[in-house]
Amino acid sequence: MTAIAVLDCVGIRDLALSPLGEGPSALERVLEKVRGLPGVGQVVLVSDRDLPGAPVPVVKVPGPGSRPFLEALEAVLAAVPAGAEGRDALIRIRGDAPFLDPALTGRMLEDFRRYRAEYYFADGFPAGVAPEILAPRILPALRALAEKVPEPLGEEGLFPVIQKDINSFDLETEISRVDLREYRLSLTCDTRRNRMVCERLLDLGAGDAESILDLVPANLGLLRTLPAFVSVQVAGGCPQACSYCPYPGFGGDILSRRDFLPVERYSRLMDETADLCGDAVVDLSLWGEPSLHPDFPALVKSTLRHPGLSLIVETSGVGWDDDTVEKAAALADGRLDWIVSLDETDPEAYARLRGPGFEEAKARTGTLMRLFPGRVHVQAVRMKENEERLEAFYRGWKARTENVIIQKYDSFCGTLPDRSVADLSPLDRRPCWHLARDVCVLLDGSVPVCRECRAPGLPEGAEILGNVFEEGLAALWARSEPWFRRHTAKDYPAICGRCDEYHTYNA
């Protein structure tokens, strides 16, 4: 019996096809490793694009998604010549993963056969280091389940499909001796950020899974590459002065303010973001209510004309008109999500926390759900004031949508009263995710080190890096690097020492 190694190149980027670290490309490295694997009798490549000169057979699929990929696997098996040695395993390997470990793969294949597993995966390793292995006999069942998982195969591979009926399959797991999941690493060349991490590991001498397990915890600076989450203030005013928000404390008369970020400036910032990062999530609005911007659809258009950018709109749900949200829906292209902050089920409690607008916000949430199906998230900040009604909030909205967010309370480095219900901080502090991934841009173009630096009463240690419209995004991103380096050395600036947001993670 032999295995078929299937290189998954669906959606593969040019980043994986160009030289990596002055050597072969990611795809070339994977091919070289796979062709030497013991117990593998055939290597094929599944792709949705032409790959001229591929040294192995290529099976074309129409696009991303678990079902087309599983259908391609069935086609591969059907093409095995009659009388050929039986194929007892399908090994799915990402074609953009230069650190695939052949020894680990070979060990997993041996155990897969020894334990007669139907699905074998690795846990605790960064994505791209280990394959997943499945028995050909389960393909029809997986293809049926894949009807419920239309999304492209991501870092978890086929596991989300298996999860739909996990008790129907015999699973085995390869457990890493060091759990690196907390670092959210993907050692793939699918984004500029991930490719940069791969290049840094190559420079450090990484070659296999064992070396990576030691190198990553000892070199946490490699986690900070390019911005992934760009939070932009587009409006100065807000229809509500929420009791748990610091903005009323430093934003002036926010109920009356009507200043906004000009579309031309915002569009220029989006151009810079796309040029620097390739892909990123853009969040509106850092402070203020985006519904108060006089040309919100133009902001959506300026963002989404860049294929690598997606948009999240954080809103109270108050102040929108039907025409604006309908125009936004026409531009959305599946890359516009909404987070509606409601916090409460009781109108009087809502008014105490947020002010007026309860019925309007609820009605607008329903409109958004209709116009943006599956893209609207209902949020409540968990705090002492709403804890006793939080379960009712969750259950009530869960009956309408899967997208319910319970957000931790943020005291902004202790400058607001402690309303938290539970301490969710990890036992061991790690470098701040926000310093590693986020950029915040204020209405005038000022870029603070992070969102917390605008909390009232924190002038000491708070730092404005500069103005993005005068100095550019790349320069200011580089300027905040020392803050993250201090975190990796467990040397925390005064503000950071008072902050418990370091473990929270934006999209």
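Sequence positions, counted from 1, serve as the residue numbers for this chain.
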*Show the numbers, then the answer: is there a side chain to side chain contact (heavy atoms under 4.5 Å, CB included) between N403 and W338?*
CA-CA 10 Å; N403 301 327; W338 298 77; over 6 Å; no
When you compare the side chains of [X] and [Y], does any donor N or O come within less than 3.5 Å of an acceptor on the partner?
{"X": "S480", "Y": "R485", "value": "no"}
{"X": "R195", "Y": "T225", "value": "no"}
{"X": "Y505", "Y": "R437", "value": "yes"}
{"X": "H306", "Y": "D271", "value": "yes"}
{"X": "Y120", "Y": "E132", "value": "no"}
{"X": "N506", "Y": "D283", "value": "no"}

Do you know the tightest heavy-atom contact between [X] and [Y]?
{"X": "R184", "Y": "W433", "answer": "CD-CZ2, 3.7 Å"}
{"X": "R200", "Y": "G221", "answer": "NH1-O, 3.6 Å"}
{"X": "L27", "Y": "C9", "answer": "CD1-SG, 3.8 Å"}
{"X": "A89", "Y": "F112", "answer": "CB-CE2, 3.6 Å"}
{"X": "F393", "Y": "D343", "answer": "CE1-N, 3.8 Å"}
{"X": "L77", "Y": "I4", "answer": "CD2-CD1, 3.9 Å"}

Quick one, [X] and [Y] - any side-chain contact, counting heavy atoms below 4.5 Å?
{"X": "L139", "Y": "R143", "value": "no"}
{"X": "L51", "Y": "L17", "value": "yes"}
{"X": "I162", "Y": "E118", "value": "no"}
{"X": "E326", "Y": "L371", "value": "yes"}
{"X": "L368", "Y": "V340", "value": "yes"}
{"X": "L269", "Y": "V441", "value": "yes"}
{"X": "W477", "Y": "L465", "value": "no"}
{"X": "L311", "Y": "R335", "value": "no"}

Please check if the side chain of [X] supplies one atom and the backbone of [Y] the other of a donor-acceptor pair under 3.5 Å.
{"X": "D438", "Y": "C450", "answer": "no"}
{"X": "S420", "Y": "A422", "answer": "no"}
{"X": "R67", "Y": "A144", "answer": "no"}
{"X": "E32", "Y": "R29", "answer": "no"}
{"X": "K33", "Y": "P98", "answer": "yes"}
{"X": "D423", "Y": "S425", "answer": "yes"}
{"X": "S285", "Y": "V234", "answer": "yes"}
{"X": "R87", "Y": "V80", "answer": "no"}
{"X": "D48", "Y": "G11", "answer": "yes"}
{"X": "D101", "Y": "A103", "answer": "yes"}

Does [atom1] belonging to [X] count more than 12 external heavy atoms closer than 6.0 Å?
{"X": "R116", "atom1": "CZ", "result": "no"}
{"X": "F372", "atom1": "CZ", "result": "yes"}
{"X": "K327", "atom1": "NZ", "result": "no"}
{"X": "R13", "atom1": "CZ", "result": "no"}

*Evaluate the side chain to side chain contact (heavy atoms under 4.5 Å, CB included) criterion for residues H434 and R451: first the C-alpha distance (whole Å), next the side-chain angles of each, then the deciding distance (0.1 Å), finally the verdict.*
CA-CA 9 Å; H434 304 290; R451 188 183 69 151; over 6 Å; no
*asked:* Among V43, L100, D96, exactly one meets side chain to side chain contact (heavy atoms under 4.5 Å, CB included) together with L7. Which residue is that?
replied: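 Result for side chain to side chain contact (heavy atoms under 4.5 Å, CB included) with L7: V43.
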*asked:* Taking side chain to side chain contact (heavy atoms under 4.5 Å, CB included) as the criterion, tell me which of V282, L336, V230 meets it with T303.
replied: V282
Supply the atom-to-atom distance [X] [atom1] to [Y] [atom2], rounded to the nearest 0.5 angstrom.
{"X": "Q379", "Y": "I339", "atom1": "CD", "atom2": "CD1", "result": "5.5 Å"}
{"X": "T188", "Y": "R193", "atom1": "OG1", "atom2": "CZ", "result": "10.5 Å"}
{"X": "H377", "Y": "T365", "atom1": "NE2", "atom2": "OG1", "result": "12.5 Å"}
{"X": "L473", "Y": "M270", "atom1": "CG", "atom2": "CE", "result": "8.5 Å"}
{"X": "Y266", "Y": "L284", "atom1": "OH", "atom2": "CG", "result": "4.5 Å"}
{"X": "F121", "Y": "I175", "atom1": "CZ", "atom2": "CD1", "result": "7.0 Å"}

Under a 4.0 Å threshold between the charged nitrogen and the carboxylate oxygen, would [Y] count as salt-bridged to [X]?
{"X": "E155", "Y": "R94", "value": "no"}
{"X": "R395", "Y": "E391", "value": "yes"}
{"X": "D500", "Y": "R429", "value": "no"}
{"X": "D123", "Y": "R181", "value": "yes"}
{"X": "E387", "Y": "R382", "value": "yes"}

*Using the six-membered ring of F69, assess whether NZ or CZ of R92 lies under 6.0 Å from its centre and within 45 degrees of the ring axis.*
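Geometry flag: set, cation within 6.0 Å and 45°.
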_Does the plane of the ring in H487 sit parallel, tilted or perpendicular to the ring in Y492? Use 30° and 60° as the thresholds._
perpendicular
*Between V6 and L45, does a side chain to side chain contact (heavy atoms under 4.5 Å, CB included) hold up when you go through it step by step?*
CA-CA 6 Å; V6 181; L45 193 152; over 6 Å; no
*Worked verdict on E272 versus L276 for side chain to side chain contact (heavy atoms under 4.5 Å, CB included)*: CA-CA 6 Å; E272 277 196 64; L276 176 63; over 6 Å; no
